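Values reported hereafter were calculated over all heavy atoms of this structure, with side chains retained and with hydrogens, waters and symmetry mates removed. These figures come from a predicted structure and were not determined experimentally. Along the sequence shown, residues carry numbers from 1.
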Amino acid sequence: MPPESRPMTREELVRKLDALFREMPSDADLADWRGRIDTVDELVLALLNIRSVSANEIGRLKKERNIPVYVPKREEEVLNHVMSVNPGPLPDTAIRRLFERIIDETRSLERRNYQEEE
């Protein structure tokens, strides 16, 4: 597996996150700011994949317990939670849209893996 497609290790994730808090690019260095965004994107991707693994496991448990994939009340709880801990600068409406999309994609993964094989 090429290095760019393997999961980020916990140590790599922590090291990159730590560097983001310690190292701020100078105002004049556009390349460094772009590199910082690339690092943030890698971390977001790693966390989305960790979230997807968790959602996939929930899908397996739902199938075992004959629980539907889509539970509107739980989705609303998740959305309310992320908006309640949002410090900005993105407004809650943007956070809601982003997480609705994340939830939709993880729900699709659950359906593909556990609901459509019957």
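In this structure the side chain of Ser108 reaches within 4.5 angstrom of the side chain of Arg112, judged on heavy atoms. Looking at Val82 and Asn86, their side chains never come closer than 4.5 Å, going by heavy atoms from C-beta outward. Here the side chains of Ile58 and Thr106 are not in contact, with every heavy-atom distance at 4.5 Å or above. Between Arg107 and Asp104 the shortest side-chain heavy-atom distance falls below 4.5 Å. Contact annotation: the side chain of Lys63 never approaches that of Glu110 to less than 4.5 Å [non-hydrogen atoms, C-beta and beyond].
Other residues, nucleotides and ligands contribute more than 12 heavy atoms inside 6.0 Å of the CZ atom of Arg51. Heavy-atom contacts from other residues, nucleotides or ligands closer than 6.0 Å to CZ of Arg22 number more than 12.
Linking ILVMFWY side-chain heavy atoms closer than 4.5 Å, directly or via other members, places Val78 and Val85 in two distinct hydrophobic clusters. When hydrophobic clusters are built by joining Ile, Leu, Val, Met, Phe, Trp and Tyr residues whose side-chain heavy atoms come closer than 4.5 Å, directly or via intermediates, Ile50 is grouped together with Ile102. No continuous path of ILVMFWY side-chain contacts below 4.5 Å connects Leu45 to Phe99, so the two sit in separate hydrophobic clusters. In the hydrophobic clustering of ILVMFWY residues, with side-chain heavy atoms under 4.5 Å counting as a link, Tyr70 and Ile103 come out apart. Tracing side-chain contacts under 4.5 Å through hydrophobic residues (I, L, V, M, F, W, Y), one reaches Met8 starting from Val40; they form part of the same cluster.
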Derivation of the salt bridge (charged side-chain N to carboxylate O under 4.0 Å, His left out) call for Glu77 and Arg74: CA-CA 5 Å; Glu77 288 171 355; Arg74 175 59 185 148; 3.5 Å; yes
Apply side chain to side chain contact (heavy atoms under 4.5 Å, CB included) to residues Arg101 and Leu98 and explain how you reach the verdict. CA-CA 5 Å; Arg101 188 68 188 150; Leu98 288 167; 6.0 Å; no
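Note: Asn56 CG to Leu61 CG = 10.0 Å, rounded to the nearest 0.5 Å. Between the CD atom in Glu75 and the CG atom in Asn80 there is a gap of 10.5 Å [rounded to 0.5 Å]. Separating the NZ atom in Lys16 from the CZ atom in Phe21 is a distance of 15.0 Å, to the nearest 0.5 Å. In this structure, the separation between OG1 on Thr39 and CG on Leu20 is 6.0 Å, given to the nearest 0.5 Å. Annotation: the span from Thr93 atom OG1 to Met83 atom CE amounts to 9.0 Å, rounded to 0.5 Å.
Between Glu100 and Arg97, no side-chain nitrogen of the basic residue sits less than 4.0 Å from a carboxylate oxygen of the acidic one, so the salt-bridge criterion is not met. A salt bridge links Glu57 with Arg60: at least one charged nitrogen is closer than 4.0 Å to a carboxylate oxygen.
In this view, Arg15 satisfies the salt bridge (charged side-chain N to carboxylate O under 4.0 Å, His left out) rule with no residue, not counting sequence neighbours. The salt bridge (charged side-chain N to carboxylate O under 4.0 Å, His left out) test applied to Glu23 returns no partner, not counting sequence neighbours. With sequence neighbours excluded, no residue forms a salt bridge (charged side-chain N to carboxylate O under 4.0 Å, His left out) with Arg65.
Closest approach of Leu43 and Leu13 over heavy atoms only: CD2-O, 3.6 Å.
At least one donor-acceptor pair closer than 3.5 Å links the side chain of Lys62 to the backbone N or O of Val69.
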